[in-house]
Amino acid sequence: MIRIIKLITFVVILFSLHELIAQVAKTNPVITWGNPADITYGAPLISANYEPTTPPGLPVTQLNAKANVPGTFVFTPPAGTILKTGNNQVLSVKFFPADSLNYNSLTKQVKINVVKLNPSINWNTPSSIVYGTRLSDVQLNATIVKPTGAFNYNPIKGTLLNAGSQILSVTFIPTDTINFLLRTLQVTLNVIKASQKISFNQLPDKTIGDVPFTLTASIDTSFPITYTTTSDKISIEVNKVKILKSGKVSITANQSGNDNFESSSVEQAFCIKPSKPTITISDTNTEAPTLTSSAASGNQWYLNGTLISQAINQSYSASKTGVYKVQAKTEDCLSEFSSDQSLVITGDINSTSDDWKTNYFPNPATNILTISFYNNQSMKTISIYELKGMQLSQQETTESESQLDIANYSQGLYLVKVYMDKKVHVLRFEKR
């Protein structure tokens, strides 16, 4: 019995000694793992089981604990986990040494901050718009892939912006405000000045001496129109035009614009025509009477509707019978034609032969002018003309004497033309 007790005691002592030796032999490994840098929501945890011999230069990871002895790391939460947003979240690792006889297993914890994600907004610079175009979805068209949420624009849709470079701003408000930040973005929009359209119709030609007239241009905005000219032929007071001289004139309708509208101008040209000239006749009882225009310059003479070359002076020596008229010109502006002036030139009439003679009486005459042909019975055509050439009467006779009624004629000088035997004889008489 005593022996049995001694044996048991020895075994107990031996076992305790073995346990003591074993406890003295194991040690804790050294684990190095600092608090990782902040990560953004949505980024998964990345693991890297670094051994003491692991070379430097690998990407930054969060699950990157190291031990001074070989072994296995078990991380909680594991790699690939996406943490919710928050500060001082706990990461844990359990190290299992390969030499479990000499090294103890060990647990270590660190803390990590997960910050809110700043969403990525796509918003391209809008194309330019013209003043007057209100903001619409064409300009306010920011997009985002994720997360869901709402866009708040400033200025808002429908706003009318002034011309120039304008800043548009958008704030994205995520539905999940716990894990996502509000995001603000700006773009620049170019607003072009709007154009103005002036309607200024062609101005009708005027004549020197016409009364002042009113300009009536209009514009598709509410801004006032001003009128200007560089001509000294008119004067303008507000929109009233006073005619001063004849010639070519231009008037410009202007609108100077402002910060939002371009300036605009329309020019119209017109003529101020010279006065209608009148013709006076001198040297009437000659072979070349003188025609004089009332226009001092710019004259052009016509005979029977045809322009007389080089006949441009104020006076013209008429050498042919016909209808004369004159037109005055200032720059490119033509007057109306003068009244037609019929003219009989005595110098271009065939002279009479001495084989027939006429006699007329009385001269001056009052009511009746008598013409005798000395018993010549041939057919005769007798016409009376004003000195200016207008025919007043005509009759035919075979008598040797004719009586012409001049009672209603005005006082003055007249011509009588007698055509007989293909010849003509011209007489002049005075009516009293």
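Counting from 1, the numbers follow the sequence of the chain as shown. Just so we're clear, the structure is a prediction, and the values are computed from it rather than from any experiment.
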Using modelled atom types and a 3.5 Å cut-off, is there a donor and acceptor pairing between side-chain atoms of [X] and backbone atoms of [Y]?
X: Gln139; Y: Thr125; result: no
X: Lys329; Y: Leu334; result: no
X: Asn313; Y: Ser315; result: no
X: Lys116; Y: Thr177; result: yes
X: Tyr103; Y: Phe96; result: no
X: Asn102; Y: Asp99; result: no
X: Ser275; Y: Pro277; result: no
X: Gln268; Y: Ile251; result: no
X: Trp33; Y: Gln62; result: yes

A side-chain contact here means heavy atoms from C-beta on lying under 4.5 Å apart; do [X] and [Y] qualify?
X: Trp301; Y: Ser309; result: no
X: Ser294; Y: Thr278; result: yes
X: Leu168; Y: Leu135; result: yes

Under 3.5 Å, sequence neighbours excluded: what are the donor-acceptor pairs made by side chains of residues 186-203?
unit_1 : atom_1 : unit_2 : atom_2 : d
Asn190 : ND2    : Ser128 : OG     : 3.3
Lys193 : NZ     : Asn258 : O      : 3.2
Gln196 : OE1    : Thr221 : OG1    : 2.7
Gln196 : NE2    : Gln255 : OE1    : 2.9
Gln196 : NE2    : Glu262 : O      : 2.8
Gln202 : NE2    : Ala269 : O      : 2.5

| task | Show your reasoning for whether side chain to side chain contact (heavy atoms under 4.5 Å, CB included) applies to Arg428 and Tyr414. | result | CA-CA 6 Å; Arg428 187 175 70 170; Tyr414 294 86; over 6 Å; no
Looking only at non-hydrogen atoms, find the nearest pair between [X] and [Y] and report the distance.
X: Tyr409; Y: Ser393; value: OH-OG, 3.4 Å
X: Ala163; Y: Tyr131; value: N-CD1, 4.1 Å
X: Val93; Y: Ala65; value: CG1-CB, 4.3 Å
X: Ile281; Y: Pro289; value: CG2-CB, 4.2 Å
X: Gln300; Y: Ile308; value: NE2-O, 2.8 Å

| request: Output, in order, the C-alpha distance, side-chain angles, deciding distance and verdict of side chain to side chain contact (heavy atoms under 4.5 Å, CB included) for Phe172 and Phe180. | output: CA-CA 10 Å; Phe172 176 73; Phe180 293 91; 5.9 Å; no
| note | Contacts of Ser256 meeting side chain to side chain donor-acceptor pair (under 3.5 Å) (sequence neighbours excluded), chain-then-number -> none
| request: Can you sort out the partners of Thr85 under side chain to side chain donor-acceptor pair (under 3.5 Å), two or more places apart, ordered by chain and number? | output: Asn179
| task | Count the heavy atoms of every other residue, nucleotide or ligand shown that sit under 6.0 Å from CG of Asn88, and state whether that count exceeds 12. | result | yes
| request: State whether the number of non-hydrogen atoms from other residues, nucleotides or ligands found under 6.0 Å of Asn122 atom CG is greater than 12. | output: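 Yes.
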| Ile144 and side chain to side chain contact (heavy atoms under 4.5 Å, CB included): which partner among Ser120, Pro174, Pro119? |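 The single option meeting the side chain to side chain contact (heavy atoms under 4.5 Å, CB included) with Ile144 is Pro119.
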| task | Check step by step if side-chain hydrogen bond (donor to acceptor under 3.5 Å, both in side chains) holds for Glu267 and Ser250. | result | CA-CA 7 Å; Glu267 183 180 51; Ser250 63; 3.3 Å; yes
For residues [X] and [Y], is any side-chain donor paired with an opposing acceptor at under 3.5 Å?
X: Gln327; Y: Ser335; value: no
X: Thr252; Y: Ser265; value: no
X: Thr171; Y: Thr184; value: yes
X: Asn254; Y: Thr228; value: yes

| query | Could you give all pairs that pass the salt bridge (Lys or Arg N to Asp or Glu O under 4.0 Å) test and reach residues 143-154, with sequence neighbours left out? | reply |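 Listed once each, the pairs would be none.
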| Does the side chain to side chain contact (heavy atoms under 4.5 Å, CB included) test come out yes or no for Ile112 and Gln89, once each step is laid out? | CA-CA 5 Å; Ile112 188 171; Gln89 298 197 56; 4.2 Å; yes
| message | For the NZ atom of Lys417 and the OG1 atom of Thr381, what is their distance to the nearest 0.5 Å? | response | 11.0 Å
| query | Could you state the interatomic distance from CG (Leu415) to CZ (Phe429), rounded to the nearest 0.5 Å? | reply | 8.5 Å
| task | Could you tell me which residues satisfy ring-ring contact (aromatic ring centres under 6.0 Å, His included) with Tyr385, sequence neighbours excluded, listed by chain and number? | result |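 Partners of Tyr385 by the ring-ring contact (aromatic ring centres under 6.0 Å, His included) criterion come out as none, since no residue qualifies.
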| query | What pairs of residues pass the side-chain hydrogen bond (donor to acceptor under 3.5 Å, both in side chains) test when at least one of them lies in residues 233-246, not counting sequence neighbours? | reply |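 Residue pairs with at least one partner in residues 233-246: Thr214-Lys240, Asp232-Lys245, Lys233-Glu331, Ser246-Thr330.
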| task | Start with the C-alpha distance between Phe151 and Ile121, add both sets of side-chain angles, then the distance that settles side chain to side chain contact (heavy atoms under 4.5 Å, CB included), and finish with yes or no. | result | CA-CA 10 Å; Phe151 290 104; Ile121 300 175; 4.1 Å; yes
| said: Assess the residue pair Ser317 and Thr290 against the criterion (side-chain hydrogen bond (donor to acceptor under 3.5 Å, both in side chains)); give the C-alpha distance rounded to whole Å, side-chain angles, the decisive distance to 0.1 Å, and a yes or no. | reply: CA-CA 5 Å; Ser317 181; Thr290 299; 5.1 Å; no
| So Phe223 and Phe261, would you call those rings parallel, tilted or perpendicular, with 30° and 60° as cut-offs? | perpendicular
| Taking the six-membered ring for Trp, are Phe270 and Phe213 parallel (under 30°), tilted (30 to 60°) or perpendicular (over 60°)? |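 Answer is perpendicular, since the angle exceeds 60°.
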| request: Compute the ring centroids of Tyr302 and Phe337, then answer whether they are less than 6.0 Å apart. | output: yes
Extract all donor-acceptor atom pairs below 3.5 Å that involve side chains of residues 69-82 and protein atoms in other chains or at least two apart in sequence.
unit_1 : atom_1 : unit_2 : atom_2 : d
Thr81  : OG1    : Pro78  : O      : 2.8

In a table with atom names and distances, give each donor-acceptor pair under 3.5 Å that connects a side chain of residues 34-42 to protein atoms at least two apart or in another chain.
unit_1 : atom_1 : unit_2 : atom_2 : d
Asn35  : OD1    : Lys111 : N      : 2.9
Asp38  : OD1    : Asn113 : ND2    : 3.2

| query | Can you list every disulfide (SG to SG under 2.5 Å) pair that touches residues 83-165, not counting sequence neighbours? | reply |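 Counting only pairs at least two positions apart or across chains, no disulfide (SG to SG under 2.5 Å) contact touches residues 83-165.
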| Thr107: partners by side-chain contact (heavy atoms from CB on, under 4.5 Å), with sequence neighbours left out | Ser92, Lys94
| remark: Those residues at least two apart in sequence (or on a different chain) that pass side-chain contact (heavy atoms from CB on, under 4.5 Å) with Ser100 are none
Side-chain polar contacts of residues 152-160 - donor-acceptor pairs under 3.5 angstrom, sequence neighbours left out - could you list them?
unit_1 : atom_1 : unit_2 : atom_2 : d
Tyr153 : OH     : Leu140 : O      : 3.3
Tyr153 : OH     : Ala142 : N      : 3.0
Lys157 : NZ     : Asp137 : OD2    : 3.3
Thr159 : OG1    : Ile156 : N      : 3.4
Thr159 : OG1    : Ile156 : O      : 2.7

